[in-house]
Amino acid sequence: MSDDAALTYTSYLALDEVLAAQRPRSTEHDEMLFIVIHQVYELWFKQLLHELAYLQQRLEAGDTARAIRTLRRVLTVLKVVVAQIDVLETMTPSQFTSFRARLDASSGFQSAQFRELEVVLGRRDEGAFAHYPEDDPGRRRIVEAMARPSLWESFQSYLKTQGYDGDLLRVYADDEGAAVVAEHLVDLDEGLQEWRYRHVKMVERTIGDKAGTGGSSGAEYLRSTLFRPLFPELWAVRRDL
Ligand code: HEM
Ligand SMILES: N[C@@H](CC(=O)c1ccccc1NC=O)C(=O)O
């Protein structure tokens with residue numbers, strides 16, 4: 001059944017809602033960019049979660065072709081979100097300082113979708129939902145994601161469907177679809193580390209060693225998250241390849 005009004009570009013894309021959702025708290029020129037960038041991020045995080053769920057389903061079904069295509073899309077989106085940091089880096093420290101106090105205690109710590117991404121990609125410690133109140137819907141999604149298999153577990157199921165017992169050396173020796181999937185997982189791992197690195201550099205150049213609005217030490221805390229690979233086994237196997 002269709003609605004009364006004809007579908008339009010504006011109604012299909014719900015632009016009245018999307019374009020009414022930028023609400024700066026100051027009159028500072030740069031606050032609009034700060035809001036738009038974060039909203040774009042959250043939309044891409046949503047798309048990444050959507051693609052990763054499909055990827056896990058395809059892996060578990062042993063569908064190499066679709067898994068590779070989906071991984072390629074995920075990697076392309078990841079490249080775009082890393083590149084977006086360039087735009088925010090056109091904002092100078094004093095421009096950010098001009099509205100930073102208006103952010104109160106809000107912080108990237110509260111991006112439930114980013115945390116959910118980490119959990120889908122394998123994060124399992126309780127720190128993943130530390131900044132979320134008990135009844136927070138974001139916290140519920142993070143906890144639910146923890147109860148589902150991680151991408152690594154889906155990859156292990158995939159290897160079984162392809163006749164491998166988990167021996168990565170055999171996967172790489174065959175150099176077929178499963179090895180391509182494994183290499184794309186390395187790309188994904190490297191890509192997320194790249195995002196963390198670019199984010200820290202952005203933070204260092206914008207707020208120096210100031211503490212974060214979310215209560216952490218800021219850049220120092222972020223540097224401590226830099227070398228946490230998603231799939232350590234895929235890095236370790238390289239010594240034998
Ligand atoms: C001027 C730009 C930015 C600054 C100065 C900045 C600063 C910070 C700081 C200091 C933290 C540590 C938490 C805290 O104590 O507040 C943090 C965490 C975080 N930020 Fe940003 N940020 C910026 C832009 C962004 C953007 C564009 C995103 C994209 C969504 C983002 C996402 C995150 C996430 C997900 C965390 C949590 C990271 C983790 O715990 O591993 N930030 N940010
Ligand atoms: N944590 C940042 C503030 C910040 O960047 C931020 C604040 C609100 C919403 C998103 C943010 N971006 C990422 O951390 C700071 O300490 O300046």
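We're numbering straight along the sequence, starting at 1.
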Give a yes or no on whether [X] and [Y] share a hydrophobic cluster (residues Ile, Leu, Val, Met, Phe, Trp, Tyr; joining criterion: side-chain heavy atoms under 4.5 Å apart).
X: Leu43; Y: Ile37; value: no
X: Leu15; Y: Ile35; value: no
X: Leu59; Y: Val180; value: yes
X: Tyr197; Y: Phe227; value: yes
X: Leu75; Y: Tyr54; value: no

Could you measure the distance from the [atom1] atom of [X] to the [atom2] atom of [Y]? Nearest 0.5 Å is fine.
X: Arg196; Y: Leu222; atom1: CZ; atom2: CG; answer: 9.0 Å
X: Leu33; Y: Thr90; atom1: CG; atom2: OG1; answer: 5.5 Å
X: Gln113; Y: Leu48; atom1: CD; atom2: CG; answer: 9.5 Å
X: Thr64; Y: Leu71; atom1: OG1; atom2: CG; answer: 11.0 Å
X: Ser157; Y: Gln162; atom1: OG; atom2: CD; answer: 11.5 Å
X: Leu55; Y: Phe155; atom1: CG; atom2: CZ; answer: 10.5 Å

Which residues pass the salt bridge (Lys or Arg N to Asp or Glu O under 4.0 Å) test with Arg223, sequence neighbours left out? Glu204

Not counting sequence neighbours, which residues clear ring pair (Phe, Tyr, Trp, His ring centres under 6.0 Å) with [X]? List them please.
X: Trp44; result: none
X: His184; result: none
X: Tyr158; result: none
X: Phe96; result: Phe34, Phe99

Check the pair His199 / Val203 against side-chain contact (heavy atoms from CB on, under 4.5 Å), numbers first and verdict last. CA-CA 6 Å; His199 177 256; Val203 172; 3.8 Å; yes

Tell me, with the steps shown, if Ile68 and Val181 meet side-chain contact (heavy atoms from CB on, under 4.5 Å). CA-CA 6 Å; Ile68 290 175; Val181 172; 3.7 Å; yes

Any Lys/Arg nitrogen of Lys46 or Glu42 sitting under 4.0 Å from an Asp/Glu carboxylate oxygen of the other?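 Judged by the 4.0 Å cut-off on N to carboxylate O distance, Lys46 and Glu42 do not form a salt bridge.
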
Taking NZ, NE, NH1 and NH2 as the nitrogens, is one of them in Glu118 or Arg115 under 4.0 Å from a carboxylate oxygen of the other? yes

Selection residues 12-22 - residue pairs positive for side chain to side chain donor-acceptor pair (under 3.5 Å), sequence neighbours left out: Gln22-Gln39

Where does the angle between the aromatic ring planes of His131 and Phe109 fall among parallel (under 30°), tilted (30 to 60°) and perpendicular (over 60°)? parallel

Where is the tightest heavy-atom contact between [X] and [Y], given as atom of each residue plus distance?
X: Asp30; Y: Met91; value: OD2-CG, 3.9 Å
X: Ser107; Y: Thr213; value: CB-OG1, 3.6 Å
X: Ser154; Y: Glu60; value: OG-OE2, 2.6 Å
X: Phe231; Y: Leu121; value: CE2-O, 4.1 Å
X: Pro229; Y: Gln193; value: CA-NE2, 3.8 Å
X: Val200; Y: Ala219; value: CG1-O, 4.2 Å

Mind checking whether [X] and [Y] have side chains closer than 4.5 Å, heavy atoms only?
X: Trp195; Y: Phe114; result: yes
X: Asp240; Y: Tyr172; result: no
X: Leu241; Y: Leu169; result: yes
X: Pro93; Y: Ile207; result: no
X: Arg124; Y: Ser150; result: yes
X: Val77; Y: Phe45; result: no
X: Leu234; Y: Trp152; result: yes
X: Arg139; Y: Pro133; result: no

How would you list all residue pairs meeting salt bridge (Lys or Arg N to Asp or Glu O under 4.0 Å) that involve [range], not counting sequence neighbours?
range: residues 171-183; answer: Glu183-Arg238
range: residues 86-107; answer: Arg25-Asp104, Asp86-Arg198, Glu89-Arg198, Glu89-Arg205
range: residues 63-73; answer: Glu51-Arg73, Arg58-Asp63
range: residues 150-171; answer: none

Quick one: which residue pairs count as a ring-ring contact (aromatic ring centres under 6.0 Å, His included) with a foot in residues 66-94, not counting sequence neighbours? none

With distance as the sole criterion, is a donor-acceptor pair present between the side chains of Glu31 and Ser26 under 3.5 Å? yes

Just by distance, with hydrogens left out, do Ser11 and Thr8 show a side-chain donor and acceptor under 3.5 Å apart?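 Present: a donor and an acceptor within the cut-off.
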
Check which hydrophobic residues are tied to Val119 through side-chain heavy-atom contacts below 4.5 Å, counting indirect links as well, and list them. Phe129, Tyr132, Ile142, Val143, Met146

Please evaluate residues Val120 and Gln56 with respect to the criterion side-chain contact (heavy atoms from CB on, under 4.5 Å), reporting the C-alpha separation (whole Å), side-chain torsions for both, the decisive distance (0.1 Å), and the verdict. CA-CA 10 Å; Val120 168; Gln56 290 190 277; 3.8 Å; yes

Can you tell me if Ser224 uses its side chain to pair, donor with acceptor, with the backbone of Tyr221 under 3.5 Å? yes

Does the pair Lys79 and Glu190 meet the rule for a salt bridge (Lys or Arg N to Asp or Glu O under 4.0 Å), with working shown? CA-CA 11 Å; Lys79 284 249 179 277; Glu190 198 174 327; over 6 Å; no

Any chance you could lay out the side-chain contact (heavy atoms from CB on, under 4.5 Å) test for Asp189 and Leu185, step after step, and finish with the verdict? CA-CA 6 Å; Asp189 196 332; Leu185 291 179; over 6 Å; no

